[in-house]
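Presented below is the structure to which this report refers.
We number each residue from 1, following the sequence as shown. Below, each value reflects all heavy atoms present in this structure, side chains not excepted, and no hydrogens, waters or symmetry copies. Since this is a predicted model, take the numbers as computed values, not measurements.
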Amino acid sequence: MNNATKNVVEEDNIQLKLNKAAKRKNLITKVLPFTGLAFLILLFSLTTDGKFLDESNFSVLVNQCFTLVVISVGAAFVYASGSMDMSIGGVLAFSQLGAAMLIRHTNLPIAVAALACVLIAAMCSSFSALAHVLFRVPIFVASLCNMYIWTGIVTLIVEKSDVYITYSESTYLNAIGVKLSVLALVILLGYVLFNYTRLGKDLKALGSNQSAAVLSGVRRGLLLWLSFVLLGACIGVAAFFMLLRNGLVNAASGTGVQLNVMVAIVLGGFPLAGGARAHLPAAIVGALMVTILTNGLILMGLNPEWGNFAKGVLFLAVVALTYDKSKGKLVL
């Protein structure tokens with residue numbers, strides 16, 4: 001056997017090993033989130049003296065899940081392209097403030113305030129994509145600046161006093177049935193757009209290989225802008241219902257939401273680099289895990305900060321298990 005033949009055999013062996021490792025990693029990524037979700041449900045069912053499965057806690061879980069799941073559906077489009085958004089909290093707070101001002105100072109129907117909240121959030125979120133596409137600012141930096149802009153405006157306005165709303169006619173919108181219906185509609189629309197439209201497919205193509213996608217005719221700038229608009233729309237929906245539930249906007253509104261979304265994306269097995277392995281159910285499962293983890297620890301009587309500690313440890317563990325450390329063309 002000559003040297004050339006030996007080199008070919010060695011390359012084939014390396015390729016085979018890397019492919020097997022990639023398949024194992026893919027399997028872990030798909031199975032681990034569902035296993036983790038089932039484990040958390042079982043754990044808190046046994047350790048909270050039945051409180052976790054209580055009917056009253058179900059209402060709490062729906063309210064907590066609603067915000068994170070709705071935003072995670074929108075975030076899936078951004079992350080599928082390999083991008084990320086750190087401005088979610090600021091956008092959420094500013095859109096809440098806009099809706100609260102409309103409710104307080106006008107006699108317009110509540111539906112108008114809801115629509116305004118969604119439109120404001122979509123517009124604010126899209127600024128990150130515009131800064132990235134037009135001025136070549138890295139998307140992380142652009143979204144971080146976007147967060148500071150909207151958070152700063154909200155803080156200045158509510159600095160002297162929080163903005164409260166009193167809209168007794170909207171109490172029916174806080175009903176669990178209404179929220180479950182809206183949640184199902186958002187997930188359904190997101191699933192169709194993500195899996196059965198050119199938008200979802202092209203975003204995943206960008207995440208897989210940006211250069212190849214652009215050469216094949218994918219309009220990268222437009223797609224990124226649309227993905228941030230979709231995320232903003234989902235932020236607006238979540239912001240409106242959160243405003244109705246809390247009844248106020250203050251300097252703490254939206255704090256930490258973007259980090260919870262990122263943790264949910266990772267825990268669900270959604271690849272941070274996006275691409276063909278990006279699946280919408282992963283983002284939803286991750287959001288459920290984050291919510292159940294926080295809720296369960298509180299029911300156990302632990303300090304809520306332990307929830308942040310647990311999320312940080314899980315985030316690091318999942319990234320370590322699933323992150324692709326290999327480079328080059330030998331990985332499938």
Side-chain angles (χ1 to χ4, degrees), residues 56-75 87-106 108-122 124-125 147 150-183 186 231-261 264 287-288 290-295 297-299 304-305 307-308:
S56 60
N57 189 54
F58 176 75
S59 300
V60 174
L61 277 174
V62 170
N63 282 315
Q64 292 174 341
C65 285
F66 183 86
T67 299
L68 195 53
V69 171
V70 168
I71 296 177
S72 294
V73 169
S87 68
I88 293 174
V91 171
L92 185 145
F94 186 75
S95 60
Q96 277 188 331
L97 182 63
M101 292 295 190
L102 272 177
I103 293 172
R104 281 188 55 151
H105 302 297
T106 71
L108 294 172
I110 192 71
V112 175
L115 180 61
C117 193
V118 172
L119 292 177
I120 290 170
C124 295
S125 181
M147 176 195 72
W150 305 121
T151 302
I153 293 173
V154 171
T155 303
L156 286 172
I157 294 175
V158 303
E159 185 177 14
K160 293 182 179 179
S161 65
D162 299 341
V163 177
Y164 292 89
I165 63 166
T166 53
Y167 213 96
S168 57
E169 295 154 6
S170 65
T171 53
Y172 68 94
L173 291 174
N174 278 315
I176 296 301
V178 172
K179 289 190 174 181
L180 286 175
S181 299
V182 173
L183 188 60
V186 169
L231 170 56
C234 289
I235 294 172
V237 172
F240 178 72
F241 280 93
M242 186 184 291
L243 173 64
L244 295 183
R245 183 186 177 204
N246 297 334
L248 81 160
V249 182
N250 58 25
S253 296
T255 302
V257 176
Q258 61 264 21
L259 294 179
N260 279 334
V261 171
L288 292 175
V290 171
T291 304
I292 289 173
L293 177 64
T294 305
N295 176 268
L297 290 175
I298 292 174
L299 289 177
E305 291 303 319
N308 293 330

Taking atom CD of Gln96 and atom CG of Leu248, what is their separation to the nearest 0.5 Å?
8.5 Å
Scan residues 238-256 for pairs that pass side-chain hydrogen bond (donor to acceptor under 3.5 Å, both in side chains), counting only residues two or more places apart or in two chains.
Asn250-Ser253
To the nearest 0.5 Å, atom CD1 of Ile176 lies from atom CZ of Phe66 at 10.5 Å
Do you know the tightest heavy-atom contact between Gly89 and Gln258?
N-OE1, 2.9 Å
Residue list, side-chain contact (heavy atoms from CB on, under 4.5 Å) with Leu119, at least two apart or on another chain:
Leu115
With heavy-atom distances below 4.5 Å as the criterion, would you say the side chains of Lys179 and Val182 are in contact?
no
Between SG of Cys65 and CD1 of Ile292, what distance do you get to the nearest 0.5 Å?
6.0 Å
Closest non-hydrogen contact found for Ala287 with Leu68 is O-CD2, 3.6 Å
Return the CD1 to OG1 distance between Ile298 and Thr294, rounded to the nearest 0.5 Å.
6.5 Å
N/O donor-acceptor pairs under 3.5 Å from side chains in residues 236-244, not counting sequence neighbours:
none

Spacing of SG belonging to Cys234 relative to CG belonging to Leu92, to within rounding of 0.5 Å:
12.0 Å
Which residues pass the side-chain contact (heavy atoms from CB on, under 4.5 Å) test with Leu97, not counting sequence neighbours?
Met101, Val154, Ile157, Val158, Val163, Val249
Hey, is the main chain of Ala121 close enough, under 3.5 Å, to the side chain of Ser125 for a donor-acceptor pair?
no
Interatomic distance, Thr291 atom OG1 to Leu61 atom CG [nearest 0.5 angstrom]
7.5 Å
Residue pair Val290, Leu293: steps toward the side chain to side chain contact (heavy atoms under 4.5 Å, CB included) verdict
CA-CA 5 Å; Val290 171; Leu293 177 64; 5.8 Å; no
With sequence neighbours excluded, what pairs up with Glu305 under the side-chain contact (heavy atoms from CB on, under 4.5 Å) test?
Asn303, Asn308
Partner residues of Val257 under the side-chain contact (heavy atoms from CB on, under 4.5 Å) criterion, sequence neighbours left out
Ile71, Ile88, Val261
If every non-hydrogen atom of Ile103 is compared with every non-hydrogen atom of Ala113, which pair is closest and at what distance?
CG1-CB, 3.7 Å
